[in-house]
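Here the structure is laid out as structure tokens; the discussion comes afterwards.
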Amino acid sequence: MASLSLRNIYKVYEGNVTAVKDCNLEIEDKEFIVLVGPSGCGKSTTLRMIAGLEEISKGELYIGDKLVNSIAPKDRDIAMVFQNYALYPHMTVFDNMAFGLKLRKVPKAVIKQKVQEAAKILDIEHLLERKPKALSGGQRQRVALGRAIVRNPKVFLLDEPLSNLDAKLRVQMRSEISKLHKKLQTTFIYVTHDQTEAMTMGSKIVVMKDGVVQQVASPVDIYNEPCNVFVAGFIGSPQMNFINATLTKKQDGVYLVNDKMSIKLPEGKANRQELNEYFDKEVIIGIRPENIYDDQNHISTFGDCKVTATVTHTELMGAETYLFLDACDTQIVARVNPRTTAKTDDVIDVVFEGNKIHIFDKETEMSIIS
């Protein structure tokens with residue numbers, strides 16, 4: 001088993017194109033860490049540098065206590081699962097899973113034992129004689145995982161392994177991979193652009209943008225205390241709403257005001273010292289759709305944070321309804337009870353849950369308070 005340490009890692013391509021910039025990460029032994037971000041943010045490049053498939057332009061990479069910058073991929077004791085599975089079409093499932101061990105001249109009896117053990121873990125024992133073309137996407141994914149398991153590596157690297165599966169199978173495989181991590185008790189580094197995968201699978205999330213690590217934290221902390229507007233908007237579905245307002249101090253409290261809105265911050269947030277230098281300045285308010293309500297009970301409770309909105313359209317999702325609203329000089333989304341009576345073109349009152357309001361610096365877009 002192994003910890004990893006990425007110290008001031010850069011990846012610069014020809015033409016001075018920087019794909020990863022000053023990446024610093026400490027990954028503990030047996031941790032399940034997820035690198036997440038939009039396409040082109042540098043997450044797969046970071047994973048490939050860990051694997052040794054991309055050369056590190058600058059910085060140091062340690063696996064355990066060993067500097068591995070110049071060590072070949074096959075000698076790093078890692079196993080990688082690719083997005084396209086990378087199975088040999090002419091080989092059976094057994095031979096695909098055994099291939100890496102055969103290259104290492106592992107005795108046949110040991111190979112058979114390891115393949116059968118991995119197949120049992122993944123429930124693909126009945127598929128060992130089939131070829132990849134006779135398998136479903138989920139079965140191929142299991143074979144790719146099995147090929148990694150038989151190696152018994154110190155570190156598993158998974159590069160968007162579920163992106164080719166349908167929605168139902170993705171949910172199932174998320175659970176399977178999480179169970180696999182608990183069973184194998186080894187380090188998993190998982191790359192995805194899907195924030196739902198990141199939130200449900202990782203013990204720690206690394207959010208990246210434009211080759212730069214934005215925040216490293218547990219899923220709960222990333223969700224509740226995003227460090228900037230980008231992280232706040234990327235994590236959560238539908239994404240956080242952002243509204244421009246001026247922070248104003250009045251005799252009876254602290255208010256967030258614009259041409260269409262005047263909401264009073266709850267005392268606990270209003271008294272935060274971090275706000276002192278922002279009075280009479282424009283800031284960005286962040287409020288998640290699930291913290292906006294249209295029912296009378298919540299309107300009574302959070303009346304100081306009430307705004308008037310026009311419903312532009314609605315989406316019934318079964319267990320909840322999304323209200324798309326024209327409010328506060330911008331478009332916002334509320335995730336409300338499916339029993340809502342609101343319909344398109346209605347003018348309604350909604351309230352923000354005051355304690356869940358985030359405030360960001362207008363210039364730097366960094367969090368002031370969460």
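The first residue of the sequence shown is numbered 1, and numbering continues consecutively from there.
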Task: Listed partners of Glu320 passing salt bridge (Lys or Arg N to Asp or Glu O under 4.0 Å), at least two apart - done: Arg335
Open item on the list: Has Lys43 got a side-chain atom pairing as donor or acceptor with Leu35's backbone, closer than 3.5 angstrom?
Closed with: no
TODO: Report yes or no: does Lys264 contribute a side-chain atom to a donor-acceptor pair with the main-chain N or O of Cys305 at less than 3.5 Å?
DONE: no
Task: Spacing of CD belonging to Glu55 relative to NZ belonging to Lys11, to within rounding of 0.5 Å - done: 6.0 Å
Open item on the list: According to a hydrophobic-cluster definition based on side-chain heavy atoms being under 4.5 Å apart (Ile, Leu, Val, Met, Phe, Trp, Tyr only), do Ile285 and Leu323 belong together?
Closed with: yes
Open item on the list: Are there over 12 heavy-atom neighbours, none belonging to Asp252, within less than 6.0 Å of that residue's CG?
Closed with: yes
Open item on the list: Under a plain distance cut-off of 3.5 Å, with no hydrogens placed, do Asp22 and Asn8 share a side-chain donor-acceptor pair?
Closed with: yes
Task: Donor + acceptor pair across side chains of Thr187, Glu31 (<3.5 Å) - done: no
- [ ] Answer yes or no: is there a donor N or O on one side and an acceptor on the other, between the side chain of Thr18 and the main chain of Lys21, under 3.5 Å?
- [x] no
Open item on the list: Quick one, Leu157 and Ile50 - any side-chain contact, counting heavy atoms below 4.5 Å?
Closed with: yes
- [ ] Verify, without hydrogens or angle tests, whether Gln214 (side chain) and Met208 (backbone) share a donor-acceptor contact under 3.5 angstrom.
- [x] no
Task: Partner of Leu325 under side chain to side chain contact (heavy atoms under 4.5 Å, CB included), chosen from Val333, Ile348, Thr330 - done: Ile348
Open item on the list: Is it the case that the side chains of Glu176 and Gln172 hold a donor-acceptor pair, with the cut-off being a distance below 3.5 Å and no angle test?
Closed with: no
Open item on the list: Would you say Leu165 ends up clustered with Leu135 if hydrophobic residues are merged whenever their side chains have heavy atoms under 4.5 Å apart, either directly or through other cluster members?
Closed with: yes
- [ ] For Glu282, check salt bridge (Lys or Arg N to Asp or Glu O under 4.0 Å) against everything at least two apart and list the hits.
- [x] none
TODO: Could you label the plane-to-plane angle of the Phe32 and Phe188 rings as parallel, tilted or perpendicular, counting under 30° as parallel and over 60° as perpendicular?
DONE: tilted
Task: Residues which pass side-chain contact (heavy atoms from CB on, under 4.5 Å) with Asp95, listed by chain and number, not counting sequence neighbours - done: Met91, Thr92, Lys102
TODO: Would you name the heavy atoms of Pro38 and Phe230 that are closest together and state the gap between them?
DONE: CD-CZ, 3.6 Å
- [ ] Could you verify whether a donor N or O on one side chain and an acceptor N or O on the other, from Thr308 and Asp349, lie under 3.5 Å apart?
- [x] yes
- [ ] Name all residues meeting the side-chain contact (heavy atoms from CB on, under 4.5 Å) criterion together with Lys120; count only those two or more places apart in sequence or in a different chain, and write none if there are none.
- [x] Glu125
Open item on the list: For Glu197, is there an ion pair with Arg174 - N to carboxylate O distance below 4.0 angstrom?
Closed with: no
Open item on the list: Just by distance, no angles: are the side chains of Tyr293 and Asn337 close enough, under 3.5 Å, to form a donor-acceptor pair?
Closed with: no
Task: Pi-cation contact, Tyr62 with Arg7 (under 6.0 Å, within 45°) - done: yes
TODO: Kindly check if the number of other-residue, nucleotide or ligand heavy atoms within 6.0 Å of OH (Tyr88) is above 12?
DONE: no
Open item on the list: Do Glu225 and Ser370 pair up side chain to side chain, a donor and an acceptor below 3.5 Å, judged on atom types alone?
Closed with: no
Open item on the list: Would Arg288 pass as a cation-pi partner of Phe352, given that its NZ or CZ must be under 6.0 Å from the six-membered ring centre and within 45 degrees of the axis?
Closed with: no
- [ ] Determine the interplanar angle of the Phe324 and Tyr322 rings, folded into 0 to 90°, and report it as parallel if under 30°, tilted if 30 to 60°, perpendicular if over 60°.
- [x] perpendicular
Task: Hydrophobic cluster (4.5 angstrom, side-chain heavy atoms) - remaining members for Val17 - done: Tyr13
Open item on the list: Ignoring hydrogens and geometry beyond distance, is a side-chain donor-acceptor pair present between Asp326 and Thr312 at under 3.5 Å?
Closed with: no
Open item on the list: Let me confirm one number: the CG-CE distance from Asp361 to Met366, rounded to the nearest 0.5 Å.
Closed with: 9.0 Å
Open item on the list: I'd like to check the salt bridge (Lys or Arg N to Asp or Glu O under 4.0 Å) partners of Lys343; sequence neighbours left out, ordered by chain and number.
Closed with: Asp346
Task: NZ (Lys306) with more than 12 external heavy atoms under 6.0 Å - done: no
TODO: Take atom CG of Asp65 as the centre, draw a 6.0 Å sphere, and report whether it contains more than 12 heavy atoms from other residues, nucleotides or ligands.
DONE: no
Open item on the list: Less than 3.5 Å apart, any donor N or O on the side chain of Tyr190 or Glu160 sitting next to an acceptor on the other?
Closed with: no
